[in-house]
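Predicted model only: the values in this text are computed from it and were never measured. Index from 1, following the sequence.
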Amino acid sequence: MSKVILASQLNKGGNASLAPGLKQRHVTMLSIAGVIGAGLFVGSGHAIASAGPAVLLAYLIAGTLVVLVMRMLGEMAVAAPDTGSFSTYADRSIGRWAGFTIGWLYWWFWVLVIPLEAIAAAAILHAWFPVVDTWVFALAVTTLLTVTNLFSVARYGEFEFWFALLKVLAIIAFIVLGAMALAGGLPDHRASGLATLMATTGGFMPNGAAAVLGALLTTMFSFMGTEIVTIAAAESRDPARQITRATNSVIWRIGLFYLVSIFIVVSIVPWNDPTLLQVGSYQRALELLNIPHAKLIVDLVVLVAVASCLNSAIYTSSRMVFSLARRGDAPEALQRTSVNHVPRAAVLASTAVGFLTTIVNYFMPEKVFTFLLASSGAVALLVYLVIAVSQLRMRRQLIAGGHPIEFRMWLYPWLTWAVIGFIVLALGIMLTLEKHRNEVLATALLTAMIVALGVWNARRSRARDAHHGVTAARPAGSVV
């Protein structure tokens with residue numbers, strides 16, 4: 001079976017109205033820096049304060065999980081590039097209800113990222129220009145990046161290219177500076193390195209294995225966004241090649257940007273430093289290195305990272321709901337595109353929900369926004385779980401159809417089953433931890449509602465097709 005035929009079967013509706021506007025440098029830089037978010041620069045401080053130097057184990061385990069999930073996703077995406085990515089693969093390998101559910105959950109996750117990143121950007125800008133209210137900055141930043149997404153996918157790619165380049169340069173500069181400090185190359189810096197890593201109170205694992213587990217659950221979500229490249233690559237000229245390159249490079253990207261940089265942080269900053277949670281891990285490291293204007297430097301980098309994440313949130317949510325609409329799982333109007341092949345209705349609809357949640361954050365009771373955030377708390381793990389199950393079933397479909405598998409998951413099916421077991425275990429542990437229990441329960445409630453809607457939608461579609469004498473072509477093994 002040719003790849004063209006397979007792609008047409010796996011992508012009901014296809015991507016015919018989207019143009020390959022992303023250049024190779026756009027996809028390359030997106031794949032390199034897509035994993036770098038504000039969570040690395042700011043959120044890592046909380047993980048370090050919780051687990052101590054052993055936070056490196058949490059990042060190593062979470063990074064390994066992401067590498068395996070990306071390998072599975074890469075296998076499917078190379079076989080059939082699609083802007084719906086894992087939602088489309090779940091649709092065809094598990095059932096329509098599964099594609100519907102994970103697609104809408106993923107859309108909801110990124111729609112909620114819009115106000116979170118807008119608020120973070122607004123806080124930084126408000127500190128610089130206090131005469132302007134933070135909510136004004138939040139809406140202004142969101143509006144600006146929405147407009148850039150309305151013109152063409154190339155405009156999104158260009159903005160993301162420069163955002164990503166600045167993030168990469170910032171991380172590399174920090175690593176070089178930190179390495180110089182650990183080697184004794186900075187004259188005004190006190191002794192640090194393994195002495196700081198091991199000699200602080202409690203040693204390498206000061207708060208025990210339970211704290212490392214808690215940090216693991218926190219760090220796992222900081223990797224969310226790695227999979228965006230498989231969505232964006234569908235709008236490039238050679239998606240299979242771009243996806244292969246991005247997936248192969250995920251190991252060194254996580255190793256360099258997370259493991260190496262976090263190692264440098266914990267080698268410079270004592271895990272029990274009282275200011276770690278207040279100023280963030282990277283700013284505190286620069287302060288201890290006596291780097292002038294450390295706060296301004298980190299604020300600028302975080303602002304770029306936040307803008308990058310917000311830009312990608314608008315792009316990703318719009319493409320996912322566009323794909324759902326193409327498959328008949330979202331309002332038909334959301335699949336319409338402009339003359340520049342941009343799904344403007346999907347962009348505006350996703351951003352509108354982002355605007356509403358921003359308004360909720362400022363003008364509604366705090367519990368409302370907190371519940372909304374909690375409802376997306378376990379989405380990352382559910383996405384990874386669906387990718388693993390889809391890969392198990394789609395591999396069988398590829399083999400049954402005689403399609404050559406050009407990009408393979410390692411040690412199939414054992415590593416895939418290991419990932420599934422790990423994710424189920426992680427979700428179970430989250431239920432036992434008070435800090436994460438509400439996230440799992442809120443996400444479970446939202447998931448149950450969407451599954452019910454998905455099953456109803458699939459049955460309605462079958463009934464409509466039967467009424468019109470149309471037989472929907474579903475692959476063997478579909479449950480809906």
Side-chain angles (χ1 to χ4, degrees), residues 18-19 21-22 26-27 29-30 33-39 83-85 87 103-122 125 135 137-164 167 224-235 303-325 330-331 333-338 340-361 372-373 376 379 383:
L18 294 180
L22 290 177
H26 293 154
V27 180
M29 191 56 70
L30 178 63
V35 73
I36 305 174
T83 197
S85 190
S87 173
W104 278 111
L105 280 174
Y106 191 71
W107 174 84
W108 179 240
F109 176 90
W110 284 108
V111 162
L112 283 183
V113 167
I114 294 175
L116 283 178
E117 302 301 331
I119 292 165
L125 293 171
W135 70 268
F137 276 127
L139 294 181
V141 170
T142 306
T143 300
L144 174 63
L145 292 176
T146 299
V147 170
T148 65
N149 274 269
L150 289 175
F151 285 106
S152 68
V153 68
R155 187 66 58 87
Y156 158 76
E158 198 64 28
F159 267 78
E160 198 54 37
F161 173 83
W162 291 107
F163 285 150
K167 288 190 293 184
M224 192 70 167
T226 313
E227 71 291 334
I228 292 177
V229 68
T230 63
I231 296 173
E235 293 186 73
L303 183 60
V304 169
V306 163
S308 171
C309 194
L310 177 54
N311 194 37
S312 290
I314 295 171
Y315 171 81
T316 306
S317 58
S318 66
R319 269 34 179 201
M320 184 55 71
V321 79
F322 167 81
S323 175
L324 287 166
L334 297 179
Q335 65 174 302
R336 296 173 186 168
T337 58
S338 67
N340 292 325
H341 304 281
V342 174
R344 288 183 175 174
V347 171
L348 291 174
S350 299
T351 309
V353 177
F355 273 123
L356 288 175
T357 50
T358 303
I359 293 171
V360 165
N361 176 67
L372 293 180
L373 291 182
S376 68
V379 168
V383 168

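The two residues Gly84 and Met320 come nearest to each other via the heavy atoms O-CE, 3.5 Å. Residues Val111 and Ser317 come closest through the heavy atom pair CG2-CB, 4.1 Å. In terms of heavy atoms, Ala138 sits closest to Ile119 at CB-N, 4.5 Å. Between Ala345 and Ala333, the shortest heavy-atom distance links the atoms CB-O, 3.5 Å. Residues Val141 and Leu310 approach most closely at CG1-CD2, 3.5 Å, considering heavy atoms.
For Ser87, the side chain to side chain donor-acceptor pair (under 3.5 Å) partners at least two apart in sequence or on another chain are Arg327. When the side chain to side chain donor-acceptor pair (under 3.5 Å) test is applied to Ser350, the partners found at least two apart in sequence or on another chain are Trp107. Here Thr230 pairs with Ser85 under the side chain to side chain donor-acceptor pair (under 3.5 Å) rule; sequence neighbours left out. Residues satisfying the side chain to side chain contact (heavy atoms under 4.5 Å, CB included) test with Arg155, not counting sequence neighbours, are Thr148, Phe151, Ser152, Phe159. With sequence neighbours excluded, the residues forming a side chain to side chain contact (heavy atoms under 4.5 Å, CB included) with Ala313 are Trp110, Val113, Ile114, listed by chain and number. Ala330 meets the side chain to side chain contact (heavy atoms under 4.5 Å, CB included) test with Trp104, Val321, Leu324, Ala325, Leu334; sequence neighbours excluded. Contacts of Tyr315 classified as ring pair (Phe, Tyr, Trp, His ring centres under 6.0 Å), with partners at least two apart in sequence or in another chain: Tyr156.
For residues 310-325, the set of pairs meeting the salt bridge (Lys or Arg N to Asp or Glu O under 4.0 Å) definition, not counting sequence neighbours, comprises Glu235-Arg319.
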Original post:
How far apart are the C-alpha atoms of Val383 and Leu105, what are their side-chain angles, what is the distance that settles it, and do they pass the side chain to side chain contact (heavy atoms under 4.5 Å, CB included) test?
Top reply: CA-CA 8 Å; Val383 168; Leu105 280 174; 6.0 Å; no
Requested in this report: Might you work through the side chain to side chain contact (heavy atoms under 4.5 Å, CB included) test for Val153 and His341, ending with a clear yes or no?
Outcome: CA-CA 8 Å; Val153 68; His341 304 281; over 6 Å; no
So Trp108 and Val353, side chain to side chain contact (heavy atoms under 4.5 Å, CB included) or not? Walk me through it.
CA-CA 9 Å; Trp108 179 240; Val353 177; 4.1 Å; yes
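Interatomic distance, Thr142 OG1 to Asn311 CG, rounded to the nearest 0.5 Å: 11.0 Å. The structure places CG of Leu145 at 11.0 Å from CG of Leu150, a figure rounded to the nearest 0.5 Å. A distance of 10.0 Å separates CD in Glu117 from OG in Ser312, rounded to the nearest 0.5 Å.
When atom types are taken as modelled, the side chain of Ser308 and the backbone of Val304 share no donor-acceptor pair closer than 3.5 angstrom. The main-chain N or O of Leu348 is never found under 3.5 Å from a side-chain atom of Thr351 such that the two would form a donor-acceptor pair.
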